[in-house]
There are 2 protein chains.
Amino acid sequence: MATNKARRVTMSDVARHAGVSRTTVSFVLNERADAAIPEDTQARIRASIEELGYRPNAGARALAAKRSEWYGLITEIVTAPFAVDVIKGAQDRAWADGKFLLITAGDNDPAMEAAAFDKLLEQRAEGLLYATTWHRAVTLPPAAREVPVVLVNCFDADGALPSVVPDEVAGGYTATRRLIDAGHRRIGFINLDTGIPAAVGRLKGYEQALREAGADIDDTLVVSGHATADGGYAAACELLDRADPGHRPTALFCGNDRTAMGAYDAIKERGLRIPDDIAVIGFDNQELIAAYLRPGLTTVALPFEAMGAKGVDMLGALTAGQPLTTTQVTVDCPLIERSSV
Amino acid sequence: MATNKARRVTMSDVARHAGVSRTTVSFVLNERADAAIPEDTQARIRASIEELGYRPNAGARALAAKRSEWYGLITEIVTAPFAVDVIKGAQDRAWADGKFLLITAGDNDPAMEAAAFDKLLEQRAEGLLYATTWHRAVTLPPAAREVPVVLVNCFDADGALPSVVPDEVAGGYTATRRLIDAGHRRIGFINLDTGIPAAVGRLKGYEQALREAGADIDDTLVVSGHATADGGYAAACELLDRADPGHRPTALFCGNDRTAMGAYDAIKERGLRIPDDIAVIGFDNQELIAAYLRPGLTTVALPFEAMGAKGVDMLGALTAGQPLTTTQVTVDCPLIERSSV
DNA sequence: ACATCGAACTAACGCGCGTTACTAAAGCGC
DNA sequence: GCGCTTTAGTAACGCGCGTTAGTTCGATGT
């Protein structure tokens, strides 16, 4: 007696059970309006489906219909705190469109990354999302040209591929403006490593807000540190210990939440209180830091989830053959109020 | 002129180009040892594949071979800091086995969860991984019975399904033992909400380590708080302010890193220094907290990545028809040394 | 009474591939 | 020269489904 491995029920089984042809079942499943199937026949078929526990085979369906119903997502590291939000945004939106998301990691290794592209193309993904941990320029492997691709949180060097990135300038403006609105005029800025889009954009927004408020821009208030807690600590020390106390900044705009974490320590160490003596605002809204710092860190969020969702939207348009109006879409960075301002 | 949408190259195209039959190409691709194809023919075929840029169609292959080559993973929330590590562990292992991982989220909603199961079964996933954010008992939708399932970080109420969970008792023992080894005898334990497996197990390990060291177990040193920074702060205050200073615990074992974060504040507020005046050990190894607290938090890691990998291993065995020796596998929680002990 | 027409289906092809059963030709012993 | 084995392939079926081009049958118009 051969063990026949519980063959799954197919559409033909349903057709036989309902006493119709397989074609009719297919029409009902795909709700084809042209082939008018009367209500009672449809009901009979649906009953058979229910009774037999039939599940359409997505693979076979994709093969016959020549569309795969799934997108691929390539991130550097699946576990990166940000990648995760991109995944969620993309996942939710894709799910809503009835698409599946195949998630792979490049592991920051060109070979792995190329393998990921290959695998996704073998799965016949209709389109690909390529997301990075931090905002920067990238170049993709050649395989990326075989299918629609949207870049998330990055952009390609020659600007040919569509991308969706955070609006760094507006974010820097938002943060600074929040401090200005709270009455601050001398605002220290602990910037990230110079040159990267985040540092360039946020500085631009910072200066723009100050200029708009009529506050003069004091270069000595801007220091660039490493984007770590220690870097933030060192930079904050430099800003706080400098010159006479009356000239000290009354607020700090930190390039990211990790530097803010270090800044907190420097501030507390000097017996100063947040936000009474000195206000602090961060960037990134890294939940585990910002929400659990005491007091809670007011910060500007990077819209990873929104970018993931937007990326899927763009993919949807691309695969539908609609031309995109803009190749680069920017997404706003919302202010997250807590208690440090 | 019909726009023929750049038809992808198929195996037949390769066969024609190489001057052989499609079957031969298939044999070469699947490296079938029985059908001996001479080396030069193989080379010719491989050259054609390269030249034409042929990519096998994974869907068609799955259909013909009746095995899908992919597993499904269902988590509560994709973005949960822990889910992410499970994903990574599972992903890496699956990838190494040549399997794809389809990742879905139940969003803590039974309807969504059932939909996720349905979708994964429609994709003909060979097996399913079901992972939770925190260690607990679960009950799965009926669809889960149609395919091999392995539970990760949870177990089903009737104990029928295979599962992989952290060894909470050993973890509690490890943490406490570390403090004992550092010379501590009065060790406060800020436990999690009572009743959950993590709280029960870790307490057991805590008591076991103390008993083994000949230290007596003082119930007043164990307080249960909410698993938050504020809860940890409150619990630490209670332990630190209680009784005469000489009777104060010299070390705190915190039920998780978030409570440790609160405990840090309580300790610093009292002018005490970590680890000189009081040692602290956490649980979970939540990177963003543990690594960036000052001083870095020594903690016990929940082995999410290892559990994800182990889960895939078990799925592999199950789908291969091998019976599992144990339904419940426990994974060790390793000690992560930083500077708080 | 007969042609016409829409409603309600169905037969048959093909999607890209794995696999089984078969064949043609070459080598080999006698 | 004949049977036998090995080598090197190939033809053909089917996986589960979408889709196109019909077909059948009763109702309608004249």
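Side-chain nitrogen and oxygen atoms of B:T24 include none within less than 4.0 Å of the OP1 or OP2 phosphate oxygen of D:dG9. Distances shown here put a side-chain N or O of B:R32 below 4.0 Å from the OP1 or OP2 atom of C:dT19. The shortest distance between the side-chain N/O atoms of A:N57 and the OP1/OP2 oxygens of D:dC17 is not below 4.0 Å. Here A:T23 does not reach the OP1 or OP2 of D:dG18: none of its side-chain N or O atoms lies under 4.0 Å away.
At a cut-off of 3.5 angstrom, counting only N and O atoms as typed in the model, there is no donor on one side facing an acceptor on the other between the side-chain of A:S21 and the base of C:dA11. Side-chain to base pairing of B:R22 with C:dG18: one donor and one acceptor N or O lie within less than 3.5 Å of each other.
The distance from atom CG of A:D13 to atom P of D:dG16 is 9 Å, rounded to the nearest whole Å. B:R8 places its CZ atom 15 Å from the C1' atom of C:dC17, with the value rounded to the nearest Å. Counting to the nearest Å, the P atom of D:dC15 and the CD atom of B:Q123 are 21 Å from each other. The distance between atom NZ of B:K66 and atom C1' of C:dT19, rounded to the nearest whole Å, is 10 Å. When the C1' atom of D:dC15 is taken as reference, atom CZ of B:R67 falls 13 Å away, rounded to whole Å. For A:D34 and C:dC9, the CG to P distance is 14 Å, given to the nearest whole Å. We find that CG of A:L29 is positioned 7 Å from P of D:dG18, with the value rounded to whole Å. As a whole-Å value, the separation of B:E31 CD from C:dG18 C1' is 15 Å.
Note on A:S12: nothing from the nucleic acid sits closer than 4.0 angstrom, heavy atoms only. Using a 4.0 Å heavy-atom distance criterion, A:T10 is classed as a sugar-phosphate-only contact.
Across the interface with DNA chain C, nearest-nucleotide mapping of B:F27 and B:L63 shows B:L63 to be the residue nearer the 5′ end. With DNA chain D read from its 5' end, the first of the two nearest nucleotides for A:V9 and B:T41 is the one closest to B:T41.
A:T132 and A:E76 share no donor-acceptor pair across their side chains, judged by distance under 3.5 Å alone.
Note: A:F117 and A:Y130 have parallel aromatic rings, judged against thresholds of 30 and 60 degrees for the angle between ring planes. Classification of the A:W70-B:W70 ring pair by plane angle, with boundaries at 30° and 60°, yields perpendicular.
Screening B:E146, B:E122, B:Q123 for a side-chain hydrogen bond (donor to acceptor under 3.5 Å, both in side chains) involving A:R55 leaves a single residue, B:E146.
Considering all non-hydrogen atoms of both residues, B:L129 and B:G308 come closest at CD2-O, 4.1 Å.
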